[in-house]
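Below is one structure, written out as structure tokens, with a few remarks after it.
Naming: A, B, ... by sequence-line order, numbering from 1 per chain.
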2 protein chains.
Amino acid sequence: MNQPTIQEAIKVACSNCNLRELCMPVGFDSEDMQKLDEVVATRRRVKQGDLLFANGEAFTSLFAIRTGFFKTCISAADGREQVTGFQMAGEIIGLDGIVSDFHSCNAIALEDAEVCVMPFANIEDLSREFPLLQRHMHKVMSREIVRENGVMMLLGNMRAEERLAAFLLNLVQRLHARGLSQTEIVLRMTREEIGSYLGLKLETVSRAFSKFSDEGILEVKQRYVRIIDPEALKKIFNPQTYC
Amino acid sequence: MNQPTIQEAIKVACSNCNLRELCMPVGFDSEDMQKLDEVVATRRRVKQGDLLFANGEAFTSLFAIRTGFFKTCISAADGREQVTGFQMAGEIIGLDGIVSDFHSCNAIALEDAEVCVMPFANIEDLSREFPLLQRHMHKVMSREIVRENGVMMLLGNMRAEERLAAFLLNLVQRLHARGLSQTEIVLRMTREEIGSYLGLKLETVSRAFSKFSDEGILEVKQRYVRIIDPEALKKIFNPQTYC
DNA sequence: ATCTAGCATTGACGCAAATCAACATAAATG
DNA sequence: CATTTATGTTGATTTGCGTCAATGCTAGAT
């Protein structure tokens, strides 16, 4: 689990990457885009279940996910775990490490994955040269702060079914932005991992899925989920908007 | 409540500010420090109960707190509120606005306060010029991400008394870093605001205070709190570290 | 000094989710 | 193929916190 994953010295180019609009700022001419390719040093493959980085590990790079699906989690001294996020293609992972030069969470691949390794020194150097990149990085970090604010609302104020509805709506929205279905999901995480993220036990997550299924809102077959009635889901997520 | 607070055109200098080590990077020579003063455009006073900025308001500036105490909170469509943080002197507030150019939370002064207005354009311009400032801003944002990760652990995994213990320990630690007592606090927020931050109802917060008081861990008189037994508090916050 | 409004404390009771437990299903392995 | 292991579902019961309600405390207003 903890052995270093293979560093692959394949030079890759953001300029040719179909995920560029997700990871990188827009508005560059092709000449600047060439220079921007320098943020990515290498790619790295991470097998399902393996760590991309671990709590306590030295921070050197951010990672842009090319393929695959990750979870980040922190654990208390007594072993309790909290999943702090699920990350998919085009998203940036590793921001937690900047403040102390050490990572403060574990990033684990939930399926075989490939990431672009972006040494943070490169990012900072190029950010000083390219205001568009600087702005982009600021937005990436601010977006993460705002996302976590939303999770706090979820954990502090919502009941189990509201949390699951919010989670599913967020997930399909992000998948849809990547060209996937708005209604069909194959979950990459277990009920326990969903529960950890949502501050619930796995049984409660399972029951909420079953309830939604009984009510005709979802079709659920283990990891496969189809949203039959998205409006009903939105109504559960935020009742007041609809009543 | 919502009328704009007075913009004061007092030119102030970070170079002479006793909070500089909290807000600003260290390691500048006096010449660079002069240029760095340009990040702060003006100061602004905010009265107790008034908004520093509001959800939906255009984002233009970050704010460094000179004096006073703030809360930030978000509210759902149905009125449920979540306090996302409490901020004190030397801390930076407003990072939520960067991603969308609009603030996504309310920042409310819990006591009369004064802030340094730092137009974000100034920060970005000077960050390109001064790597130390650039690094500092990245750390400020990363620190906020890591803080929120910790709050997620709190909200997702901990019981009421653990949450309150964690909250109090965090508060005294930050106050102590500002030269105040490690053991005595005068809370700036109500039981309801503490509860909102911790995902609890005000009655539960009050009961936890009373329990700690009964057990001889705290002395509690309304907003005044004295920590009699810090070790016991740490033990509650994280049992496994001590057993 | 007295009144008032906002905040805090405490008790009784109810409920949503946790816990405990049994079983079902699917994927992994020999 | 059968067997093991991980994951998921469902039911019965418990419990920690929420809800509702009454009362107390304190600061500021008059």
Side-chain angles (χ1 to χ4, degrees), chain A residues 1 47-49 71 78 80-83 108 110-112 154-168 185-215 218-225 236 239, chain B residues 1 47-49 71 78-83 108 110-112 154-165 167-168 185-215 218-225 236 239:
Chain A
M1 279 290 184
K47 285 229 174 63
Q48 186 176 78
K71 69 169 177 180
D78 62 354
R80 283 182 289 194
E81 284 228 335
Q82 175 69 38
V83 171
I108 295 168
L110 296 179
E111 58 182 359
D112 288 358
L154 206 88
L155 294 172
N157 278 293
M158 295 190 181
R159 29 242 323 301
E161 286 166 33
E162 295 178 273
R163 296 185 201 191
L164 186 62
F167 168 76
L168 291 171
I185 325 174
V186 177
L187 298 171
R188 252 73 231 210
M189 67 294 279
T190 66
R191 300 290 189 259
E192 188 169 19
E193 287 161 339
I194 297 172
S196 174
Y197 183 62
L198 299 177
L200 302 169
K201 292 294 158 186
L202 67 94
E203 295 94 329
T204 307
V205 173
S206 181
R207 274 184 246 273
F209 269 121
S210 299
K211 178 127 186 286
F212 288 163
S213 181
D214 290 348
E215 292 170 343
L218 299 180
E219 183 192 339
V220 183
K221 277 198 191 112
Q222 310 274 130
R223 303 274 178 111
Y224 170 85
V225 177
I236 289 162
Chain B
M1 281 291 184
K47 285 230 176 64
Q48 187 175 80
K71 69 168 177 181
D78 60 355
R80 283 181 288 193
E81 285 227 334
Q82 175 70 38
V83 171
I108 295 170
L110 297 179
E111 58 183 0
D112 290 357
L154 205 89
L155 293 171
N157 279 293
M158 295 190 181
R159 32 230 347 291
E161 287 166 33
E162 295 178 273
R163 296 185 201 192
L164 185 62
F167 169 75
L168 290 172
I185 324 173
V186 177
L187 298 171
R188 253 72 230 210
M189 67 294 278
T190 66
R191 299 290 189 261
E192 187 169 19
E193 285 161 340
I194 296 171
S196 173
Y197 183 61
L198 298 178
L200 302 168
K201 292 295 157 183
L202 67 95
E203 294 94 332
T204 306
V205 174
S206 181
R207 275 184 246 272
F209 270 120
S210 299
K211 178 126 186 287
F212 288 163
S213 181
D214 291 348
E215 292 170 342
L218 299 181
E219 183 193 339
V220 182
K221 278 198 190 113
Q222 311 275 128
R223 303 275 178 112
Y224 169 84
V225 177
I236 289 162

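Within 4.0 Å (heavy atoms only), A:Gly199 reaches sugar-phosphate atoms of the nucleic acid but no base atom. Within the 4.0 angstrom heavy-atom criterion, base atoms lie near B:Leu202. Across all strands shown, B:Ser206 has heavy atoms under 4.0 Å from base atoms, whether or not it also approaches the sugar-phosphate.
A 4.0 Å heavy-atom criterion places the boundary nucleotides of DNA chain C facing chain B at C:dC7 to C:dA12, written 5' to 3'.
Under a cut-off of 6.0 angstrom, the local environment of CD in A:Glu81 is crowded, with over 12 non-hydrogen atoms contributed by other residues, nucleotides or ligands.
When each of A:Leu200 and A:Gln222 is assigned the nucleotide of DNA chain C with its nearest heavy atom, A:Leu200 is the one assigned upstream, toward the 5' end. Mapped onto DNA chain D by nearest heavy atom, B:Val205 and A:Glu192 fall at different nucleotides, with A:Glu192 at the one closer to the 5' end.
Following rounding to the nearest Å, B:Glu161 (CD) and D:dT15 (P) show an atom-to-atom distance of 16 Å. Atom P of nucleotide D:dT7 and atom CZ of A:Arg223 are separated by 7 Å, given to the nearest angstrom. The interatomic distance linking A:Lys201 (NZ) with D:dT7 (P) rounds to 16 Å, in whole Å. When rounded to the nearest whole Å, the span between CD of B:Gln48 and C1' of D:dG28 equals 12 Å. Rounded to an integer number of Å, the gap from CG of B:Leu198 to P of D:dG18 is 11 Å.
Residues A:Leu164 and A:Ile236 are not in side-chain contact: their nearest non-hydrogen atoms beyond the backbone lie 4.5 Å or more apart. Using a 4.5 Å heavy-atom threshold, the side chains of B:Met189 and B:Tyr197 count as separate.
Contact of A:Arg191 with D:dT10 (side chain to base): no donor-acceptor pair of N or O atoms is detected under 3.5 Å. At a cut-off of 3.5 angstrom, counting only N and O atoms as typed in the model, there is a donor on one side and an acceptor on the other between the side-chain of B:Glu203 and the base of D:dC20. Not a single donor-acceptor pair, N or O on each side, falls under 3.5 Å between the base of D:dG8 and the side chain of A:Arg207.
Considering only the side chain of A:Ser210, D:dT9 comes nearest among D:dT19, D:dT9, D:dT26.
Contact annotation: B:Thr204 reaches the phosphate of D:dG18 (side-chain N/O to OP1 or OP2, under 4.0 Å).
A donor-acceptor pair under 3.5 Å links the side-chain atoms of B:Arg163 to the main chain of B:Met158, judged by distance alone. Side-chain N or O atoms of B:Arg223 include none that pairs as donor or acceptor with a backbone N or O of B:Ile185 at under 3.5 Å.
Of all the heavy atoms in B:Ser196 and B:Val83, the pair that sits closest is OG-N, 2.8 Å.
B:Arg188 pairs with exactly one of B:Glu111, B:Lys71, B:Gln48 by the side chain to side chain contact (heavy atoms under 4.5 Å, CB included) rule, that one being B:Glu111.
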